[in-house]
Every structure is written in structure tokens, then in C-alpha cells.
2 protein chains.
Amino acid sequence: MADVAEKAGVSRALVSIIFRNQPGASEETRQRVLRVADEIGYRPDSAARLLARGRSRTLGVMFTVHQTFHTDLIEGIYAEVERLGYEVLLSGATQGRSEQKAVEALLSHRCEAVILLGSFAEPSFLDELGRRTVAVSVSRRVPHAHVDFVHTAEGKGVRQAMDHLVELGHRRIVHIDGGTGPGSAERRRAYRAAMRRHGLESEARVIPGDHTERSGIETGRLFLAERDQGQPLPTAVLAGNDRSAMGLLMTLTRAGVEVPRDLSVVGYDDSHLSHLMPIGLTTVRQDAGLMAEYAVRFAVERLEKPELEPREAVLDPKLVVRGSSGPIPEPSA
Amino acid sequence: MADVAEKAGVSRALVSIIFRNQPGASEETRQRVLRVADEIGYRPDSAARLLARGRSRTLGVMFTVHQTFHTDLIEGIYAEVERLGYEVLLSGATQGRSEQKAVEALLSHRCEAVILLGSFAEPSFLDELGRRTVAVSVSRRVPHAHVDFVHTAEGKGVRQAMDHLVELGHRRIVHIDGGTGPGSAERRRAYRAAMRRHGLESEARVIPGDHTERSGIETGRLFLAERDQGQPLPTAVLAGNDRSAMGLLMTLTRAGVEVPRDLSVVGYDDSHLSHLMPIGLTTVRQDAGLMAEYAVRFAVERLEKPELEPREAVLDPKLVVRGSSGPIPEPSA
DNA sequence: GCGCTCTACTAGCGCGCTCTAGTACGAGTA
DNA sequence: TACTCGTACTAGAGCGCGCTAGTAGAGCGC
């Protein structure tokens, strides 16, 4: 910066003004300084910039690397953040890199707010985080924690899916659970309620799982083993999310079970891959773009008005019927 | 930091030493300072830290949000970077956020090196970037640019896939191209060479596309339209990558074409989703973990020995045969 | 001529940390 | 005793910016 200032024959302060696009420099000087900077290859150092101004205008986003729905959300976040003149820092959680670690990285990089996509963390962790900084939790709802929430009305989505299956004649409808995953408790509850409402309480069955393909695969294996022992397959499965549904589909299809003739499968999320399954996955759509928009807006608004209380946005999900669900198999089949 | 120092009754410098895990503080003081810091909720500010020490020890990673293979790479990158005591900053390219923009963000955050996953950028852009900083290009090979390369021997992979298909009796083998995507030129060339080698030159057909599901879908539609006009379907397709293969599979399967009975499909990458397709996708496996390891090591080694010339790592791909490829359909069928 | 305002610019402090060059002091050594 | 040496610590400069308070000079009305 000093080099640029000297070469352009102005003070460092003026260079600073110009690079911040602030008024206070003549058009002529502005052009000259920018030209010199370009020649030298100068680019403002955001570390120093961050340090000097109190604010970083940066939102941190914690996501799970393999969660395809998260990449849908990230796309939306980039778009909205740019609109509002902020920046984004991504930090991924993986097998060997915990959520806590990912969030720590964001905080130490001076993110003003943290957006957590589908967090699995303890409620106390979220609450503490929310008190220390502005935090938004997407998908994962933790009552009484000091964070904003953006999620879909899980109950509504599950209800639509269940009504759809019951209308098709299904009674033996199994739910693959999402474990401690975001939204799973609500989905599980809504599944149980729907079974009760349809008088299918005695048929209700929840299979433990998580939000990965693995739990779908394992459930598939379980079903096949049961079938080999003479038990009938369920006629429909409501998976905890799309990935779980895909795992199930794969396992069953490979074993010769035909979907939806022999069994219907419904997913959850409508991640961008779900409509790319060869048969098309019937699933509950969450609007990733809108969720991202809310998350960013909540964060930015709380940053600009710190006295604001955390809020909650509940979006409406929508069942998308594709090829993986169909009428109940013929009794004789 | 000053607060911590005061409350613990030591100088700021000593607090600094302790937080950098450096020798020069007694165990007793160390514990006391850490306890005080914890009480206050102090966490070293990496912006200031960055500014103060010359180095950031941070590698920037540019990736394409929806490219599933990239998430596989990222997982590997996090692991290797941690092992070497560096940090990672992710920056995603999306529809509305160009590669250039994503890279700019990384540079202004003081990344010492940039790892580009499957870049589409102009060779001149890469070369310039490589001269300004340490850059590693994964998958995309740009001869004579001043960057490290990590990629697989595309030719070998394609050859294996083609030999596999020819062995199964296929002759009308079509290639869906990856356009300007990383590796596509090499794959296209290898496809043509393989057709020639097998005496199938006259059957060679390359359909323009890119590395997304869309190009698979469009190719599927094209095939269906051709079939409706009386032309025969090809018997096998070598897709530009897994996503393209998945798009094709979806379109054809929905239209009643059975894979692999009516048509064989081979993908490329073996991204973590490809073995989750219900029928299992035959594909050319690239070892994401190993590629990530090389990329990080190249970057770090060049950072620590700046006189090092850029290098190239060519890994061996391996055909993974799953359910989407099979023998040529019966002539009468 | 004077004071006034407005534009275009500058001086220099401070953001929170790292790091070099030091000091103070007790233990060991000749 | 005088000296080194090692351990535990401190003072203070400086990293590259942003920002506040200020100046110099042009233009204006009276």
C-alpha cells in the first residue's frame, strides 16, 4: 500500500479511501492510483483490513461436506450474502474434523456470525455459541437456545408424505429414523402421529438410523434378511432424508426388489440429486434457496441491530411425487 | 489478550508464548494463564496473528459447489492439511460466483497457496496465478503453466473402460464429452484412440456436453428422439463423468430403457455417490484421498522450498465394474 | 479584504497479535 | 568469588490496514 501511495504520489490514506470506494478522492487521482496498484499487483490484505476496522463483514458457514442438501444451501447463501455486501467463509465438518473444530476455525477467523447447516451439536453448545456471537441454525431446531432458526415445518412435510402413501393403499409403512440429526425428532414424532391418525398405530415401526446412505443400506439389508426368514416386506418406507432413501433404493433394487412395484420409498429434502435417481425419488421438498436467504438475513439483521431477539422462520415443505412411490402391491403378488 | 495477561499477572508476551505452545513458560504459569483465558472466553484472533507473523500457514481451496467428486477431495484435503499443521480456507464457485471471484477471495484472505479443484479457467489465468503464488491444479492439466498438477492418467482409465465395453461385445459406443471441463480433452482423445485401435473408427461418435447431470439428460433425450425416428440406440455410452452418467441413466430408465440390458453406461470419477445408484455405476475410479494428499503436499513443499519447480503427479485410475455395464443386447431384442 | 464552506488530501494512532532483544535470577563451574 | 548458562519472563517495535482529526487551497458572498 505504501508502495502504491509513493508511486502514485499520494498518501497511504488516500489509497485506502480509494480502495474502500469512499468519496474524498478526485476521479483523476482515483484512476491513477488504481492503475498503479494494478501494475504493482497490489491487493488489499484482508487480515490487516479486518484488524483495522472493527468489523469483518464476514459470515461463517459450517456445513457437512458430504451432505448434498448443504451444497444447495451454500449456493443460496453465496448469492444472498453478496447482495448484502458481506463475505462468506466456509468450514466443513468431516469424519475427522468435528463441528466444534469447524466452528472454532470460523470464529478465530473473525466471522461476525455463524450459520450452522444441519448441526448435530449439543443444545448447550449452540446456546453458548449463540450468546458469544450471532448464530443461525438451519434445519436443526433447539428450543430455548439463543440462536436464530430456519427450518421447514417437518410435521407438515411428513404428514403430506404419509397421506400420500396411505392414499395409495399402504398400511405397513416403516420410518427410517435420522437419529440425532437435525429435524429427525420432529419427523419421527410426525410419523407416529400420522400412523395413529390413520388407525395404523399397531403397524408403526421406526428403524434407527442417521442421515447418510449407510442407514438406508443397512435398513435394506435388514428387510432382506427378514424376508428370507419369511416375514413380509413393508410396503412403504418413509426415509429420514434423501440420502437414506437412496441407500435403501440401491440395496433393494440390487436384490431384485422392484420400486415402486414391490415397495414405495419417500425421501426428505429434495436435494438436487434426488430428482436424478433413475426412477425419480418421491420426496418432501425443502426450498434451499429460501432457507439460505432467511438464514443470511437473520444473521445480518441481528448484526446490524444487536438488540434484536433471535427469531424463527418456519417454511412450508411440499411433497414432490416422482417415481419411487406407487400403489400398494397386489395382495397375491 | 491484555486482559488475560493482567488478570494472570504476566506480560502479554508470555500469554502469546503460551498460546503458541512455545517453550519459555513454566508449567504452573501456563496452566494459570490458560485457566484465566478460558474464564474470560479469550480466543486468539487469527486476523491479528496472521498480520503479525508473516505467514498464515493457510491453504486456499477453490471448488465447485455441486461437484460431488470435489467434496470427496475436500475431505482428503482437510485430513492431510491438519497432519502438516496448516489451515484450510474453502471458497466455492457457483452459478453466480465465478472461479476468479472465488480465487480472489482466497488470495485476499492471505492464503499462501491455492489449490484449484477441477478448474475451468483459461490457461493464462492459471499461469499468472501460479507465478503470483503457489498454485496446484487438481484434475485440470494445463501444460506450461507455472502450477503443480495432480491428475489421473485419463488415457489409461478410458482405455480400461473401452476395453471392458468391447470385450462385452459392444461396437456402437458413444462418448459424452466434458466440453472444456478438466480432463475432458484427454478423455475424448483416448476414446477416439480406443475406437481406432479396436477397428471401430467408423462408429465413433462424440456428443458435446459438460460435467453436469444436464448433459447426460440431454444426451438421453437425444437418443430417445433418434430411436423414435427409427435409428438404433447405441449399445454403450462412455460418459464424461459420473454426474453425466447419472443424468443419462435417469432419462433412459424413466423412458423404459433398461440398463444394462438395453444399454451399458460407464462413468468417470467414482465419486462417493456413484456406487449408490440403485444398479451401481460402472465407472473409472480416481483415488480422491491420494489426489488430495498429493495436492496438499505439493503446495506445502513448494511453500517451504520456494526454489522448487512445479511438479506433476499422475495417478493410476482403475475401472470399477458395477451393474450399469453388461454384455451387448441380443441382436433380435 | 474577511470569514465561510467545500473538496481533496494527509498525519498518525491503534487494531491484537508475534517476535527480537533484552533482563533477572538461581544453579552450576573453575 | 566471579563467571557462565539456562530458565522464566518483559519491553516494545511493527505487521498492513482504517479512521479520526486535521490542513491547504479554491470558490463564494458581502
Side-chain angles (χ1 to χ4, degrees), chain A residues 1-34 36-37 40-58 85-87 104-112 132-133, chain B residues 1-38 40-58 85-87 104-112 132-133:
Chain A
M1 182 159 164
D3 296 347
V4 175
E6 190 179 352
K7 204 160 175 185
V10 296
S11 68
R12 292 189 309 102
L14 196 59
V15 176
S16 171
I17 284 172
I18 288 166
F19 268 90
R20 280 176 290 137
N21 264 325
Q22 285 220 338
S26 67
E27 194 48 38
E28 196 191 323
T29 321
R30 202 173 283 268
Q31 293 306 328
R32 181 160 39 92
V33 167
L34 288 176
V36 169
I40 297 189
Y42 166 82
R43 151 197 345 278
D45 178 327
S46 63
R49 180 171 262 186
L50 234 89
L51 190 59
R53 61 176 169 217
R55 302 194 45 187
S56 65
R57 293 188 75 86
T58 298
Y86 278 69
E87 278 195 79
E104 283 299 316
L106 291 175
L107 289 180
S108 77
H109 278 284
R110 278 233 185 171
C111 291
E112 296 181 11
R132 203 162 60 187
T133 179
Chain B
M1 181 159 164
D3 296 346
V4 175
E6 191 180 350
K7 203 161 176 185
V10 296
S11 68
R12 293 188 309 103
L14 195 60
V15 176
S16 170
I17 284 173
I18 289 167
F19 268 91
R20 280 177 290 136
N21 263 326
Q22 284 219 341
S26 68
E27 193 49 36
E28 196 192 322
T29 321
R30 202 173 283 268
Q31 293 307 328
R32 182 159 39 92
V33 167
L34 288 176
R35 214 184 45 238
V36 169
D38 196 52
I40 296 189
Y42 165 81
R43 155 197 342 278
D45 179 326
S46 65
R49 179 171 264 186
L50 233 91
L51 189 59
R53 52 179 172 218
R55 302 193 46 186
S56 66
R57 293 187 74 85
T58 298
Y86 278 69
E87 278 194 78
E104 283 299 318
L106 291 175
L107 290 180
S108 78
H109 279 282
R110 278 231 185 176
C111 289
E112 297 182 9
R132 201 161 62 185
T133 178

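Naming convention: chains lettered A, B, ... in sequence-line order (proteins, then strands); numbering from 1 in each chain. Remember, predicted model here, so these are calculated numbers, not experimental data.
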Distances for protein N or O near nucleotides 6-8 of chain D N or O, under 3.5 Å:
none

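Applying the side-chain contact (heavy atoms from CB on, under 4.5 Å) criterion to B:Glu28, with sequence neighbours excluded, gives B:Ser26. Scanning for side chain to side chain donor-acceptor pair (under 3.5 Å) contacts around A:Ser11 gives an empty result, with sequence neighbours left out. The side chain to side chain donor-acceptor pair (under 3.5 Å) test applied to B:Ser56 returns no partner, not counting sequence neighbours. For B:Tyr42, the ring-ring contact (aromatic ring centres under 6.0 Å, His included) test picks out B:Phe19, with sequence neighbours left out. Applying the side-chain contact (heavy atoms from CB on, under 4.5 Å) criterion to B:Ala52, with sequence neighbours excluded, gives no partner residue. For A:Ser108, there are no side chain to side chain donor-acceptor pair (under 3.5 Å) partners, not counting sequence neighbours. Residues passing the side-chain contact (heavy atoms from CB on, under 4.5 Å) test with A:Arg12, sequence neighbours excluded: A:Met1, A:Ala2, A:Ala5.
Sorted by first and then second residue, the salt bridge (Lys or Arg N to Asp or Glu O under 4.0 Å) pairs involving residues 43-52 of chain B (not counting sequence neighbours) are A:Glu104-B:Arg43, A:Arg110-B:Asp45. Pairs of residues two or more places apart, or lying in two chains, that qualify as side-chain hydrogen bond (donor to acceptor under 3.5 Å, both in side chains) and include a residue from residues 13-24 of chain A are A:Ser16-A:Arg20.
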Base versus backbone protein contacts along nucleotides 11-19 of chain D [heavy-atom cut-off under 4.0 Å; B, S, -]: B-BBBBBBB
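Of the charged side-chain nitrogens involved, at least one lies within less than 4.0 Å of a carboxylate oxygen, so that B:Glu112 and B:Arg55 count as a salt-bridged pair.
Between the CD atom of B:Glu28 and the C1' atom of D:dC9 there is a distance of 13 Å, rounded to whole Å.
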Where does DNA chain D pair, written as one dot-bracket string 5' to 3', with Watson-Crick or G-U pairs under 3.5 Å, ( ) inside the strand, [ ] for crossing pairs and | for another strand? ||||||||||||||||||||||||||||||
